[in-house]
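Just so you know, these numbers come straight off a predicted model, no measurement behind them. Order of appearance sets the numbers: ligands from 1, and atoms from 1 within every ligand.
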Amino acid sequence: MIQENKNTESMEELFMTPRRSVVFIGSECYPFVKTGGLGDVMYALPRELAKQNCDVKVILPRYHCIPWEYQERMIYRGAFEMDLCADGRSFYVGIMEYVWDGVVYDFIDNDEFFGWGNPYTNLVDDIPKFCYFAKAALSALLYMDWIPNIIHCHDWQASLVPVYLRTLFENTELNSAKTILTIHNLRFQGIYNIPAIHYWSGLPDYVFNKDALKTGYEDANMMKGGLTYSNIITTVSGTYAGEIQTPYYGEGLDAHLRYHSGKLRGIVNGIDCGIWNPATDHLLYSTYDITNVLEKKRENKHGLQEELGLVQDDHKFVIGLVSRLTNQKGLDLLNAIIPEIMDEHTQLVVLGTGDDIYENSFRYYENAYKGNVCSNIMYDETRAHRIYAGADALLVPSQFEPCGLTQLIAMRYGTVPIVRETGGLRDTVEPYNMYYNTGNGFTFDNYDAGLLLDAINRAKTVYFTNRWCWDEMVQRDMDKDVSWESSARQYKDLYLELTW
Ligand code: ADP
Ligand code: GLC
């Protein structure tokens, strides 16, 4: 009861901070379209900011693949023609609006760019698509006469927004807004030859210089331009903010980021604790909270084993992996050691899609260890929830990880993370300490398969020989605050600092 009053009070306090208007511009947002964590953040952070006295709008492309249940609820807000290319070629911009839980979603409608395929196809098509999107987002704000205090852009797909704002839009009312560019993943930057980006963006020649868009001899880099022109750069954890200033993690932009380090901050992500709540999650076999997790997790494990055709045995140590199957995620390390982790006490459940090499190797292992390895090569939200609840441990051995959400979700579901100490994984998972009985998971530092195997073996040892300590860790994980509240407050403080 006391706790409840305290929370209500602190929410009231947050709502008393001065109001600011902010527009989020990005290329995906759950539940409309999601390919990874960016979609989760674009959903959860605006909603939390709305609770903290922000007036929030989210601008997204109206992709053809957005489910019909949302498309049919959108309302036509207007349309206009917009000049885009260097030769003045113009394009239709429609605005379809959807208001939901205090957040206004405006979808930019244009069939030529968004009417086919997946959100991301190939650079030849994606470069024009996101030049168009960035300019259309600003034009739509002017059309709707909605002048925000803050324009908050996400990843390379929205990186031209700050560049347009301070060039082609500098004489508009929008120029009073401050801009933030958040890097969710520096590996993707939107690089293409200068003539193509120059033509499609219609931006003035002078932005194609080495301090802004130009990179190498003949390429333009959209992310690099955005970093130059934005007022503040953020990324999704403190450790990643430091790492990207080094050549190993900097993806060729480390010098540029060091130069701009004065305006670079790291704010760690949270998760939406409404969607990810084992106590109310209707997708689970059995809901649970911290008081009955130990018993109910067994029921979820059993349900998962049955659903996936695995040997049904409570005593097995079930390791989960929910991930895009790409280089970033450290899957070469895992592939190298699967034969060594697959003893008669262990099961492995993989959920993901991505590069053929990983999809095929996980299929191979499913076949080689029938009944104990299950490779779900698919994208499936329901199955993800059931893995988070039914597994004992979740692997995230990433080569680099700006923040990572799967370890946060795992902890919320009482599933112990086994992670590499990089980026947000390092900032959110405290290594288990057997002497003090503290920590939230098992970690390893260097990118090395042997060290991953060692971390898994340490986890197994505690699980099988010291269950009491394991169970306490499960409860500590469930007790950890992984919500958006405090991180959203840091974004709100940043908005206030920029607009004071
Ligand atoms: P990234 O954004 O690099 O892919 P994150 O850990 O930030 O990694 O976010 C991944 C998000 O995508 C999580 O919400 C995770 O549950 C979800 N996810 C990843 N792969 C799948 C899949 N195959 N099926 C369902 N959800 C998935
Ligand atoms: C990116 C990163 C991931 C992060 C997510 C949301 O896709 O790879 O680490 O959690 O964005 O910020």
Side-chain angles (χ1 to χ4, degrees), residues 24 26-31 33-46 119-120 152-158 181-189 223 234-241 243-244 249 251 266-273 275-276 281 283 320-331 349-355 358-359 362 374-389 391 394-413 415 417 419-420 422-429 482 484 487-488 491:
F24 272 55
S27 59
E28 56 182 88
C29 176
Y30 175 86
V33 58
K34 165 176 159 183
T35 69
L38 172 63
D40 292 289
V41 175
M42 291 286 291
Y43 165 81
L45 179 54
Y120 317 118
H152 193 156
C153 310
H154 298 265
D155 270 354
W156 78 266
Q157 295 90 347
L181 176 58
T182 295
I183 303 170
H184 294 264
N185 194 333
L186 194 60
R187 179 146 290 180
F188 306 105
Q189 299 175 3
M223 169 84 88
T234 69
T235 186
V236 289
S237 68
T239 293
Y240 194 59
E243 286 173 343
I244 55 179
Y249 291 101
E251 307 284 346
I267 300 178
V268 77
N269 287 333
I271 55 169
D272 186 284
C273 289
I275 292 180
W276 301 109
D281 191 336
L283 299 171
L321 176 95
V322 180
S323 180
R324 286 184 293 116
L325 303 181
T326 66
N327 273 346
Q328 173 190 342
K329 300 294 179 179
L331 303 169
V349 177
V350 174
L351 173 64
T353 56
D355 298 350
Y358 300 121
E359 291 191 351
F362 284 123
C374 179
S375 302
N376 303 270
I377 307 302
M378 60 178 78
Y379 188 93
D380 186 333
E381 292 278 344
T382 305
R383 194 148 290 177
H385 282 246
R386 291 182 179 163
I387 295 173
Y388 289 123
L394 187 100
L395 284 184
V396 201
S398 308
Q399 195 177 40
F400 71 95
E401 197 60 74
C403 178
L405 300 178
T406 62
Q407 82 283 8
L408 301 180
I409 303 170
M411 288 191 273
R412 173 109 172 116
Y413 281 67
T415 302
V419 307
R420 179 165 170 252
T422 183
L425 299 171
R426 178 162 180 262
D427 295 352
T428 56
V429 180
V482 289
W484 263 109
S487 298
Y491 280 109

Region of Asp40 that comes within reach of ligand 2 [heavy atoms, distance under 4.0 Å]: neither
Glu28 and its side-chain contact (heavy atoms from CB on, under 4.5 Å) partner, picked from Asp155, Asp40, Thr35, Val41: Thr35
Relative to the ring of [Y], is the ring of [X] parallel (under 30°), tilted (30 to 60°) or perpendicular (over 60°)?
X: Tyr491; Y: Trp484; answer: tilted
X: Tyr43; Y: Tyr30; answer: perpendicular
X: His154; Y: Phe24; answer: parallel

When you check ligand 1 against the protein, what N or O pairs turn up below 3.5 Å? List the atom names and distances, or just say none.
| from | atom 1 | to | atom 2 | distance (Å) |
| --- | --- | --- | --- | --- |
| ligand 1 | 2 (O) | Gly37 | N | 2.6 |
| ligand 1 | 3 (O) | Arg324 | NH2 | 2.7 |
| ligand 1 | 3 (O) | Lys329 | NZ | 2.8 |
| ligand 1 | 4 (O) | Arg324 | NE | 2.7 |
| ligand 1 | 6 (O) | Leu405 | N | 2.8 |
| ligand 1 | 6 (O) | Thr406 | N | 3.4 |
| ligand 1 | 7 (O) | Leu405 | N | 3.4 |
| ligand 1 | 8 (O) | Lys329 | NZ | 3.2 |
| ligand 1 | 9 (O) | Gly37 | N | 3.2 |
| ligand 1 | 14 (O) | Lys34 | NZ | 3.0 |
| ligand 1 | 14 (O) | Asp40 | OD2 | 2.9 |
| ligand 1 | 16 (O) | Tyr388 | OH | 2.7 |
| ligand 1 | 23 (N) | Met378 | O | 2.9 |
| ligand 1 | 24 (N) | Asp380 | N | 3.0 |

Arg386 (side chain) donor-acceptor with Leu283 (main chain) under 3.5 angstrom: yes
Gln328 neighbourhood, listing ligand 2 atoms whose heavy-atom distance to it stays under 4.0 Å: 8 (O)
Gly37, any N or O under 3.5 Å of ligand 2 N or O: no
N or O contact, Lys329 vs ligand 2, cut-off under 3.5 Å: no
Option set Thr235, Leu186, Asn269, Val236, criterion heavy-atom distance to atom 6 (C) of ligand 2, minimum: Asn269
Any Gly404 heavy atom less than 4.0 Å from ligand 2: yes
